[in-house]
Amino acid sequence: MAQKLANLLVSALTVATGVVGHGHVNNIIVNGVYYEGYDPTSFPYQPNPPIVVGWTAADTDNGFVSPDAYQSPDIICHKNATNARGHASVKAGDSVLFQWVPVPWPHPGPVLDYLANCNGECETVDKTTLKFFKIDGIGLLSGANPGNWASDVLIANNNTWVVQIPEDLETGNYVLRHEIIALHSAEEADGAQNYPQCFNLAVTGTGSLQPTGVLATELYQESDPGILFNIYTSPLTHQQRHSSWQCQHWRDEQQNFNGAEINVIRHNQSQFFLYHHYVGTCWHRNSDLVCYNDRD
Ligand SMILES: *[C@@H]1O[C@H](CO)[C@@H](O)[C@H](O)[C@H]1NC(C)=O
Ligand SMILES: *[C@@H]1O[C@H](CO)[C@@H](O)[C@H](O)[C@H]1NC(C)=O
């Protein structure tokens, strides 16, 4: 009976607040400068919404992109996204903070960040030409079933996430694609929920790093081992913070990375879990840095 009442109460609250999806990035902060994002829950209803650094998208319900849309343009920068009309100025090496609303984020899952060079103005670039490379990707941090996920770090930081723009990134205009993947229903086909959020950055730097990327429509597949799985029962291995561009860097230079012994290990889903297939990935396994490149 108590459980029934609790369920009823939850339904009532859900109806009352009209919650369907789970959020968007309200703003970013770079070097103490606040840049407003695109608010999909209010801007569509304003006659003259402000010019912001966040891409326009049709997620008026604060909702998500489903795995069955991974090969559609909606996965690039969310549903029916169109270019942001503004951009934030960033120096290579700066950190970007994302503020998600509403607080708190409700679901476990990874947090990922990608960049794509616009090769021109991001305000007018054709989004279907953008090639993304990952600069940050965190999944499971400790424990299992469900364990402690990147999303828990975000929640503990009042729904914020910080990513560093690579220090040696080449000067240029980039789309920063920040994404949470909610996995609470991922055991069902098309049960994972992707929340991609895009921002225009004008990056200045002295470096020459230009990683190759892939089209967003090639990032994920519906049945990927980190997308279709039961977070509450499946065996997991830990994944720590890594930067794929460092991996790329190492591969380019054929040097050891940070003096650590590096094992380049081919695709092995049973041993190495989660996101190894996302566009060049490195992470620590025991004391080794393990690197993959794309879908080896
Ligand atoms: C996206 O655009 C298409 C074509 O105009 C439209 O049918 C669809 O309803 C739009 N999606 C959303 C979520 O607004
Ligand atoms: C947490 O984030 C919300 C939403 O941006 C903000 O209103 C609130 O002041 C923040 N709380 C703290 C303690 O920073």
Side-chain angles (χ1 to χ4, degrees), residues 13-14 16-50 52-86 88 95-109 111 113 123-130 138 148-163 175-182 185 190-199 215-217 219-220 222:
L13 283 173
T14 306
T17 55
V19 173
V20 179
H22 300 292
H24 65 272
V25 171
N26 181 67
N27 61 278
I28 64 172
I29 296 178
V30 187
N31 282 326
V33 180
Y34 179 104
Y35 294 94
E36 192 172 3
Y38 180 82
D39 183 350
T41 67
S42 72
F43 285 14
Y45 313 108
Q46 296 177 14
N48 294 302
V52 293
V53 300
W55 279 50
T56 297
D59 50 324
T60 52
D61 59 354
N62 262 339
F64 51 86
V65 177
S66 297
D68 58 8
Y70 282 171
Q71 275 67 58
S72 89
D74 283 352
I75 194 63
I76 306 171
C77 290
H78 219 311
K79 290 181 178 167
N80 289 0
T82 57
N83 306 49
R85 293 186 292 155
S95 292
V96 178
L97 177 144
F98 305 94
Q99 174 74 62
W100 283 84
V101 292
V103 174
W105 178 259
H107 298 304
V111 179
D113 292 283
E123 283 84 342
T124 53
V125 71
D126 174 355
K127 67 179 179 181
T128 64
T129 66
L130 291 171
I138 304 187
N148 185 37
W149 287 80
S151 54
D152 296 304
V153 175
L154 182 143
I155 294 163
N157 290 314
N158 193 32
N159 270 32
T160 65
W161 190 261
V162 176
V163 65
V175 172
L176 173 56
R177 181 180 181 279
H178 172 67
E179 179 178 47
I180 303 176
I181 307 178
S185 300
D190 294 317
Q193 302 180 349
N194 291 55
Y195 294 81
Q197 308 276 302
C198 290
F199 303 88
L215 300 174
T217 48
L219 289 174
Y220 311 117
E222 280 179 275

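Counting starts at 1 for both ligands and their atoms, in listed order. The model shown is predicted, which means the values in this text are computed figures rather than measured ones.
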By number and element, which atoms of ligand 1 are closer than 4.0 Å to a non-hydrogen atom of Ala58?
-> 12 (C), 13 (C), 14 (O)
Donor-acceptor contact below 3.5 Å, side chain Asn83 vs main chain Val125 = yes
How would you list, by chain and number, every residue that makes a side chain to side chain contact (heavy atoms under 4.5 Å, CB included) with Thr124, sequence neighbours excluded?
-> Glu121
Can a protein heavy atom be found under 4.0 Å away from atom 11 (N) of ligand 1?
-> yes
Quick one: list whatever passes side chain to side chain contact (heavy atoms under 4.5 Å, CB included) with Ile155, sequence neighbours left out.
-> Pro104, Trp105, Asp152, Asn159
Atom 8 (C) of ligand 1: the protein heavy-atom neighbour that sits closest, reported with distance to 0.1 Å | Asn80 ND2, 3.7 Å
Any non-hydrogen protein atom below 4.0 Å of atom 5 (O) of ligand 2?
-> yes
Nearest neighbour of atom 1 (C) of ligand 2 from the list Val101, Asn159, Asn158, on a heavy-atom basis = Asn158
Atom indices of ligand 2, in the order listed, that fall short of 4.0 Å to a heavy atom of Gln99 | 2 (O), 4 (C), 5 (O)
Kindly confirm or rule out an N or O of Lys79 lying under 3.5 angstrom from an N or O of ligand 1.
-> no
Check: Phe98 ring centre within less than 6.0 Å of Phe199 ring centre | yes
Are a donor atom and an acceptor atom from the side chains of Asp126 and Thr129 found within less than 3.5 Å of each other?
-> no
Tell me yes or no: between the side chains of Asp59 and Tyr195, is some donor less than 3.5 Å from an acceptor?
-> no
